[in-house]
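One structure is given below, encoded as C-alpha cells.
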Amino acid sequence: MLKIKNLHVSTESNISILKGLNLEINKGEVHAIMGPNGSGKSTLASIVAGDPKYMITSGEITFNGKSLTDLEPEERSSMGLFLSFQYPVEIPGISLNNFIKTALNQKQKALNEKPFSAKEILEKIKKNAEILKIDLDFIKRSVNVGFSGGEKKRAEIFQMLMLQPQLSILDETDSGLDIDALKIVAKGVNSLRNNNSSFIIITHYQRLLDHIQPDFVHVLNEGKIIKSGGSDIAKMLEEKGYDWI
Amino acid sequence: MATEKNKTLKEITKNKYQYGFVTKIESEKFEPGLNENTIKLISAKRNEPSWMLDYRMKAYSALQKMTPPNWANLKIKPIDLQKIIYYSAPKKPKYNSLDEVDPELLKTFNKLGISIDEQKKIAGVAIDVVVDSVSVATTFQDTLKKLGIIFCSMSEAIENHSELVKKHLGSVVPYTDNYFSALNAAVFTDGSFCFIPKGVRCPMELSTYFRINEAGTGQFERTLIVAEEDSYVSYLEGCTAPMRDENQLHAAVVELVAMKSSEIKYSTVQNWFPGDENGVGGVYNFVTKRGICLDSAKISWTQIETGSAITWKYPSCVLKGNNSVGEFFSVAVTNNFQQADTGTKMIHLGKNTKSTIISKGVCAGKSNGSYRGLVKISKSADNARNFSQCDSLLLGQTCGAHTFPYIESSNKSSIVEHEATTSKISDDQLFYCKQRGIPEEEAIGLIVNGYCKDVLKKLPMEFAVEAQKLLEISLEGSVG
Ligand SMILES: Nc1ncnc2c1ncn2[C@@H]1O[C@H](COP(=O)(O)OP(=O)(O)OP(=O)(O)O)[C@@H](O)[C@H]1O
Ligand SMILES: [Mg+2]
C-alpha cells in the first residue's frame with residue numbers, strides 16, 4: 001500500500017532531515033515507529049501527508065502504486081491518507097462538526113460521489129462520538145480552540161473514524177492522554193483496523209502498543225530506520241532505552 | 001383560490017403596463033450636469049411639495065461651498081459631478097433573456113443559490129410573470145398595514161406621509177454634514193421609508209426585496225427609518241447577489257430614529273461591482289449612515305461589505321438618551337484592487353450609554369482595507385462604556401490593513417476598551433485543512449468564515465447562510 005524507497009527529505013531552508021529511509025506497509029498492517037526526539041518521525045509523517053514545508057530531494061513515496069510526489073495534500077487525503085497531528089491546529093469560529101462535514105463532503109466530491117445528507121452525517125457523528133465517548137456539545141466547539149491536550153488527540157481520532165482512511169498515521173496520539181482515554185482511543189483504532197486499514201503509529205511509549213498490537217516496530221534515528229522487528233523491540237526499548245541498539 | 005390567482009395576475013398586468021409607461025418617459029432623460037435647474041426639474045418630475053424643493057435647494061447651495069473629503073485612506077480619481085445624469089426614468093430591463101447576461105455573473109448567482117426569477121430581477125432581465133414574488137409582496141404589505149407599519153419608497157412617502165418625512169428627514173444626517181450628504185439631499189430620487197408605530201414589533205424582516213415596483217437600487221438613495229416608542233424593527237438592505245451598475249458614483253444617506261425604548265436592527269450586504277481583477281471599473285460607494293437613540297433605545301448596525309471599488313462608509317450611533325445602546329458589527333472584504341475605508345462613530349451623550357464595535361477586515365490581492373472609528377464620550381455621559389475589537393486578516397503579501405481608532409473622552413467615569421489584532425492565515429492551518437481533504441480555496445473560505453463568525457451570527461438567519469457563501473466567492477482567486 002505505502003512504499004517508501006531511499007527517501008531523502010530537506011526543509012525549505014535545505015536542512016537535511018531524512019537520509020535514506022525505506023519502509024513498506026501492506027494492507028491491514030500496523031507499524032509502530034519509535035525513535036529519539038528530533039530523529040525525524042514527524043517529518044516522515046508530514047512528507048507523506050504532503051506538508052509543503054518539506055521537500056523530497058531524492059527517493060520516492062508511492063501509495064497504492066501511485067507516486068505521491070506531485071499530489072496536493074487534499075488529493076492524498078481523498079485517496080485515503082490520514083494524519084493525526086502531533087500538534088493539532090486551531091481554527092477559530094469553525095465548529096468541529098462543521099469542519100468534519102466539510103471534509104467528508106469534499107472527499108465525496110473528489111471521489112465523484114454524491115454528498116452525504118445532513119442525516120447521514122449526523123448518524124456517523126453519533127456513532128463515532130459514542131465509540132470515543134465524546135459529548136455532542138464538544139463537537140460544537142471550534143476546532144481545537146481551547147481543547148485540552150487529550151481532547152485534541154481524541155478529536156483527531158474522531159476525525160479519523162469519520163473519514164475511514166485506508167492508511168492512518170498517528171503522530172504521538174498517545175501523548176497527553178490519560179489511562180482511560182488511551183484505552184478509548186485504542187478502541188477507536190482497533191475498530192478501524194478490523195476493516196483492513198493500515199496504521200503507522202509514532203510513539204515514545206510501550207503503553208499504547210499494549211492496546212494496539214503492532215505487526216512491526218521500527219526505530220528511527222538521525223533520519224534513517226536503524227532497526228526493524230516485532231513488538232518485542234518496543235518492550236526492549238522501554239526497558240533499556242535507545243542505547244541498547 | 002382561483003379568484004385570488006386572478007387578482008394577482010391582474011396586478012401583474014398592471015405592472016407590465018407601468019413598464020411600458022416608463023419606457024415612454026425615458027426619452028425625457030436629463031442631460032448630464034448639476035445646477036439649480038436640474039434640481040427644480042427633479043422635484044417637478046416627482047410632483048414634490050414645495051418644502052421638499054426648498055430643502056433640496058438649500059442642500060445644493062451648501063454643496064457648492066464644500067469639497068469632497070480627503071482624509072480617508074483612499075486613492076480616488078476626482079469625481080466630476082457635471083458628468084453625471086441626475087434624472088432618468090426607472091431602469092427598464094436590459095435583456096430579454098438570461099442567455100444574454102454575462103455568464104460569469106450567472107455562475108455567481110448559481111453558487112449563491114439564487115432562484116431563476118430572482119436572477120432575472122437582479123440582472124435586469126424582462127420578467128413575464130413572477131407570481132410568487134408579487135403575491136408574497138402583496139400579502140406582506142397587508143400584514144404590515146394591519147399593524148400600522150409604513151414601508152414604502154421615499155417618493156411615495158413624500159407624497160402620502162409628507163408630515164412624517166418633513167419632521168425627520170435630515171434630522172440625523174443634515175445636508176451640511178458632509179459633501180456626499182449634501183449631494184444626496186439635493187438630488188436623491190430613490191430609497192425607502194419605514195415607520196413603526198408605538199409599541200409595535202414588526203413581525204418580519206423588512207427587506208428592500210419585498211417593496212413592490214422596486215427593481216435594482218438607485219444611485220443616490222435616501223432611507224429613513226423611524227421607530228416610535230417601544231417598537232422594534234429589523235431591516236435588511238441589499239442582497240448577496242453581485243449588483244452591476246454603470247453608475248460609478250453612489251452616495252446614499254440612511255437615517256435611523258430610535259425613540260424611547262425602541263430597537264432598530266439594520267443589516268446590510270453590499271456587493272456592488274468591485275471592478276475587475278485589474279482594477280478597472282467598479283462602483284465608488286460613499287455612504288452616510290447614522291442613527292439617533294433616545295432613552296433606552298438601541299441601534300445595531302451589521303454590515304457585510306464585499307463589493308465596490310471604493311467604500312467610504314461609517315454607520316454611526318448618536319447615543320443621546322440615557323441607557324441607550326449602539327452596536328456596530330462589520331465584515332469588510334477587499335480583494336484585487338479594492339479599497340475600503342470603513343468603521344463607525346459612537347457618540348455618547350446620555351448617561352449609562354453603551355456601545356460595542358466589532359470590526360473584521362479581510363484583505364487579499366492588492367487591496368487596501370482600513371478601519372476608522374471614533375468613540376466620543378461627552379461630558380454629560382456618566383458611566384458610558386465602550387468595547388471595541390478591530391481585527392484584520394491578511395491573505396497574501398501585497399495587501400494592506402490599517403486601523404485608525406480615535407477615542408475622545410471627556411468624562412472620567414467612562415470605560416473605553418480597545419483591542420486590535422492583525423493576523424494571517426497560517427500555513428499550518430491551511431495544511432491541516434488540506435490534510436482533511438479540503439482544497440486551498442475552500443479552506444480559506446472556511447477559515448475566513450470562522451474569523452468573521454462573531455459578525456455573521458448577528459445577521460438574520462437566511463441572510464447569514466448567503467453571506468457565508470458570498471465571503472468565499474469574494475475571495476476566489478485570492479490565493480497566491
Ligand atoms: N521546518 C523545519 N525547519 C528546520 N528544522 C526542522 C524543521 N522541521 C523539523 N526540523 C528539524 O528536524 C529534526 C526532526 O524533527 P521531527 O519533528 O521530525 O522530529 P521527531 O522525531 O518527530 O521528534 P519528537 O519526538 O520530538 O516529536 C529536528 O531536529 C527538527 O528541529
Ligand atoms: Mg514529532
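Sequence lines set the chain letters: A, B, ... in the order given, protein chains first and strands last, and positions in each chain run from 1. These numbers were taken from a predicted model, which means no experiment stands behind them. The analysis underlying the following values was restricted to heavy atoms, covering all of them including side chains, and did not include hydrogens, waters or symmetry mates.
Contact annotation for residues 44-74 of chain A against chain B (heavy-atom separation below 4.5 Å, listed by residue number): A:Ser46, A:Ala49, A:Gly50, A:Asp51, A:Pro52, A:Lys53, A:Glu72, A:Pro73, A:Glu74.
Side-chain atoms of A:Thr11 and A:Ser13 include a donor-acceptor pair closer than 3.5 Å. Side-chain atoms of A:Asn128 and A:Glu130 form no donor-acceptor pair, as typed in the model, at a separation below 3.5 Å.
Proximity to chain B is limited to the backbone of A:Glu90, based on heavy atoms less than 4.5 angstrom apart. Proximity to chain B (any heavy atom under 4.5 Å) is shown, for A:Tyr87, by neither the backbone nor the side chain. Heavy atoms of B:Cys433 lying under 4.5 Å from chain A belong to its backbone as well as its side chain. For chain A, the nearby parts of B:Asp428 are the backbone and the side chain; heavy atoms of each come within less than 4.5 Å.
Put simply, the side chain of A:Asn37 reaches to within 4.5 Å of the side chain of A:His204, judged on heavy atoms. Annotation: side chain of A:Ser197 is not in contact with side chain of A:Gln166 (no heavy-atom distance under 4.5 Å). With a 4.5 Å cut-off on side-chain heavy atoms, A:Ile200 and A:Leu2 count as touching.
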Check the pair B:Lys458, B:Glu327 against salt bridge (Lys or Arg N to Asp or Glu O under 4.0 Å), reporting the backbone distance first and the verdict last. CA-CA 11 Å; B:Lys458 300 289 175 187; B:Glu327 294 177 332; 5.5 Å; no
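Between chain A and the options B:Asn449, B:Ile438, B:Leu456, the largest number of non-hydrogen pairs under 4.5 Å is found for B:Ile438. Contact count versus chain B (heavy atoms, under 4.5 Å) is highest, among A:Leu81, A:Leu83, A:Ile100, for A:Leu83. Chosen from A:Arg76, A:Gln159, A:Lys107, the residue pairing most often with chain B at heavy-atom distances under 4.5 Å is A:Gln159.
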In a table with atom names and distances, give each donor-acceptor pair under 3.5 Å that connects a side chain of residues 136-145 of chain A to protein atoms at least two apart or in another chain.
{"from": "A:Asp137", "atom 1": "OD1", "to": "A:Lys140", "atom 2": "NZ", "distance (Å)": "3.3"}
{"from": "A:Arg141", "atom 1": "NH2", "to": "A:Gly146", "atom 2": "O", "distance (Å)": "3.1"}
{"from": "A:Ser142", "atom 1": "OG", "to": "A:Gly93", "atom 2": "N", "distance (Å)": "3.0"}
{"from": "A:Asn144", "atom 1": "ND2", "to": "A:Val89", "atom 2": "O", "distance (Å)": "2.7"}
{"from": "A:Asn144", "atom 1": "ND2", "to": "B:Tyr432", "atom 2": "OH", "distance (Å)": "3.3"}

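Each of B:Gln429, B:Glu440, B:Glu442 was checked for a side-chain hydrogen bond (donor to acceptor under 3.5 Å, both in side chains) with B:Lys434, and the lone residue meeting it is B:Glu440. Applying the side-chain hydrogen bond (donor to acceptor under 3.5 Å, both in side chains) test between B:Glu237 and each of B:Gln270, B:Lys289, B:Gln303 identifies B:Lys289 as the sole match.
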